[in-house]
Amino acid sequence: MGLIHNELIQKPSAWAAADFVDNESWIHVLNDTAKAEIDQALAVANQCGLSTDKLSVENFPLPTLSTDLKQHANELENGRGFLLLRGLPVERYSDEDITVIYYYAHLGKNEPALSPIFSFHEGKLSCRYLRQYIELAHDMVGHPLSRVEIEAFDLFDSIMHGEKLRIDMMLEPGDLQFANNYMVMHSRTEFEDFTEQDQRRKMLRLWLKMPNARNLAADFPGRNGFPAPLEGSA
């Protein structure tokens, strides 16, 4: 059993909603140079003819924007844990182009596994919590949650959704939202979509491990989403 961490964490990751009143420093607007560079990188990627899971930095070169992306990676790992890139003109791209620009993939294992929700390792507190998946995994292995566990999750949910610890953001077309899954818990509210297919909401999700990602404790292994579909499966 791991030790209980009982010292106050005083780092940028320990923020509260009040810290961002009249403060949108977490929003970074792409300038014309950055957008032109993305267009050029897209042309290189399309010329290579590779599927999105085969693309690399060599196939999608961002010589100037990559400097900003390194700073953003540091903010995600060692800072507040979230940011938003705004201003990409998605209306001029095809669905295939958008997929290349935004890198879409879910990889993982088929079977549920035991793992703690919190982990403090090498000076960093990590958290991984998605209640629906936890409940589903317990159902799959035939081990329902106990009353105490349900009460603990209910308490955690009430704290997590409280206004003091929550930031609401309205995403605009073309926005790229980044959040460190081990630092920030994130979800979306309900929305009403268009009935016309070409007007419907389109969202691509990428689970990305950054080069500067934290080391995880042995009893807190990484989780990378859903498994890729098998060959020939629907």
Side-chain angles (χ1 to χ4, degrees), residues 2-31 33-34 38 57 62 64-88 102-103 115-131 133-134 152-153 155-172 174-189 203-225:
L3 298 176
I4 297 177
H5 184 77
N6 55 14
E7 296 181 5
L8 183 65
I9 295 177
Q10 295 179 316
K11 293 183 178 182
S13 59
W15 52 263
D19 297 331
F20 299 100
V21 175
D22 298 323
N23 176 6
E24 294 187 342
S25 59
W26 48 275
I27 299 178
H28 303 269
V29 180
L30 295 170
N31 57 31
T33 301
I38 291 174
V57 291
L62 299 169
T64 303
L65 184 57
S66 60
T67 300
D68 294 335
L69 294 179
K70 289 179 181 178
Q71 295 175 352
H72 296 332
N74 182 63
E75 178 66 29
L76 291 171
E77 178 58 39
N78 302 305
R80 293 172 291 204
F82 71 97
L83 60 90
L84 186 74
L85 297 187
R86 173 160 289 166
L88 191 67
Y102 283 74
Y103 304 128
S115 178
I117 293 176
F118 295 100
S119 174
F120 189 79
H121 184 64
E122 296 184 354
K124 294 183 177 181
L125 176 65
S126 298
C127 175
R128 181 174 51 233
Y129 176 75
L130 189 56
R131 183 165 177 171
Y133 283 10
I134 295 174
F153 287 158
L155 176 61
F156 189 30
D157 287 344
S158 67
I159 296 173
M160 177 176 59
H161 292 292
E163 293 184 356
K164 292 184 179 180
L165 297 179
R166 189 188 76 226
I167 292 180
D168 297 323
M169 61 181 74
M170 179 66 74
L171 296 184
E172 299 178 1
D175 281 354
L176 291 88
Q177 182 191 59
F178 291 85
N180 189 322
N181 271 351
Y182 298 126
M183 292 172 58
V184 177
M185 285 168 284
H186 49 92
S187 64
R188 63 164 178 81
T189 54
M203 185 189 76
L204 299 180
R205 184 184 305 240
L206 172 67
W207 293 39
L208 176 68
K209 183 175 182 179
M210 301 181 297
N212 65 329
R214 64 188 58 196
N215 294 320
L216 300 176
D219 64 346
F220 192 80
R223 294 285 183 265
N224 300 300

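Atom set for the values below is all heavy atoms of this structure, side chains included, hydrogens, waters and symmetry mates excluded.
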Side-chain touch Phe178/Leu85, heavy atoms, less than 4.5 angstrom: yes
Pairwise salt bridge (Lys or Arg N to Asp or Glu O under 4.0 Å) hits with a residue in residues 5-27, at least two apart: none
Partner residues of His186 under the side chain to side chain donor-acceptor pair (under 3.5 Å) criterion, sequence neighbours left out: Asn181
Working for side chain to side chain contact (heavy atoms under 4.5 Å, CB included), residues Ile27 and Met169: CA-CA 10 Å; Ile27 299 178; Met169 61 181 74; over 6 Å; no
Nearest atoms (heavy-atom pairs only) where Met183 meets Ser13: CE-CB, 3.3 Å
Nearest-0.5 Å distance that lies between atom CD1 in Ile38 and atom CG in Leu30: 5.0 Å
Geometric class of the Phe20/Trp15 ring pair [parallel <30°, tilted 30-60°, perpendicular >60°]: perpendicular
Pairing residues for Leu130 by the side-chain contact (heavy atoms from CB on, under 4.5 Å) criterion, not counting sequence neighbours: Gln132, Tyr133
Nearest non-hydrogen partners of Gly81 and Val184, listed with the distance: O-CG2, 3.5 Å
Contact check, side chains of Leu76 and Met210, non-hydrogen atoms, under 4.5 Å: yes
Rounded distance [0.5 Å steps], CG in Leu69 versus CG in Leu62: 6.5 Å
Interatomic distance, His72 atom NE2 to Trp26 atom CH2 [nearest 0.5 angstrom]: 13.5 Å
Residues forming a ring pair (Phe, Tyr, Trp, His ring centres under 6.0 Å) with Phe220, sequence neighbours excluded: Tyr182
Qualifying residues under side chain to side chain donor-acceptor pair (under 3.5 Å), relative to Ser25, sequence neighbours excluded: Asn23, Arg80
Over all atoms of both residues, closest heavy-atom pair of Leu65 and Ala34: CD1-CB, 4.0 Å
Non-neighbouring partners of Phe118 that pass ring pair (Phe, Tyr, Trp, His ring centres under 6.0 Å), sequence neighbours left out: Phe156
Set of residues satisfying side-chain contact (heavy atoms from CB on, under 4.5 Å) with respect to Asp175, sequence neighbours excluded: Leu84, Arg86, Leu171, Glu172
Partners passing salt bridge (Lys or Arg N to Asp or Glu O under 4.0 Å) against Asp157 (at least two apart in sequence or in another chain): Arg131
side-chain contact (heavy atoms from CB on, under 4.5 Å) against Ala213, all qualifying residues, sequence neighbours excluded: Lys209
Point-to-point distance, once rounded to the nearest 0.5 Å, from CD of Gln71 to CG of Leu83: 11.0 Å
Salt bridge (Lys or Arg N to Asp or Glu O under 4.0 Å) against Asp68, all qualifying residues, sequence neighbours excluded: none
Interatomic spacing from CG in Asn180 to CD in Glu77 - rounded to 0.5 Å: 5.5 Å
Counterpart residues, side chain to side chain donor-acceptor pair (under 3.5 Å), relative to Asp168 (two or more places apart): Arg166
Heavy-atom side-chain contact between Tyr102 and Leu176 under 4.5 Å: yes
Counterpart residues, side chain to side chain donor-acceptor pair (under 3.5 Å), relative to Ser126 (two or more places apart): Arg214
Spacing of CG belonging to Asn215 relative to CD belonging to Glu122, to within rounding of 0.5 Å: 4.5 Å
Contact check, side chains of Cys127 and Met185, non-hydrogen atoms, under 4.5 Å: yes
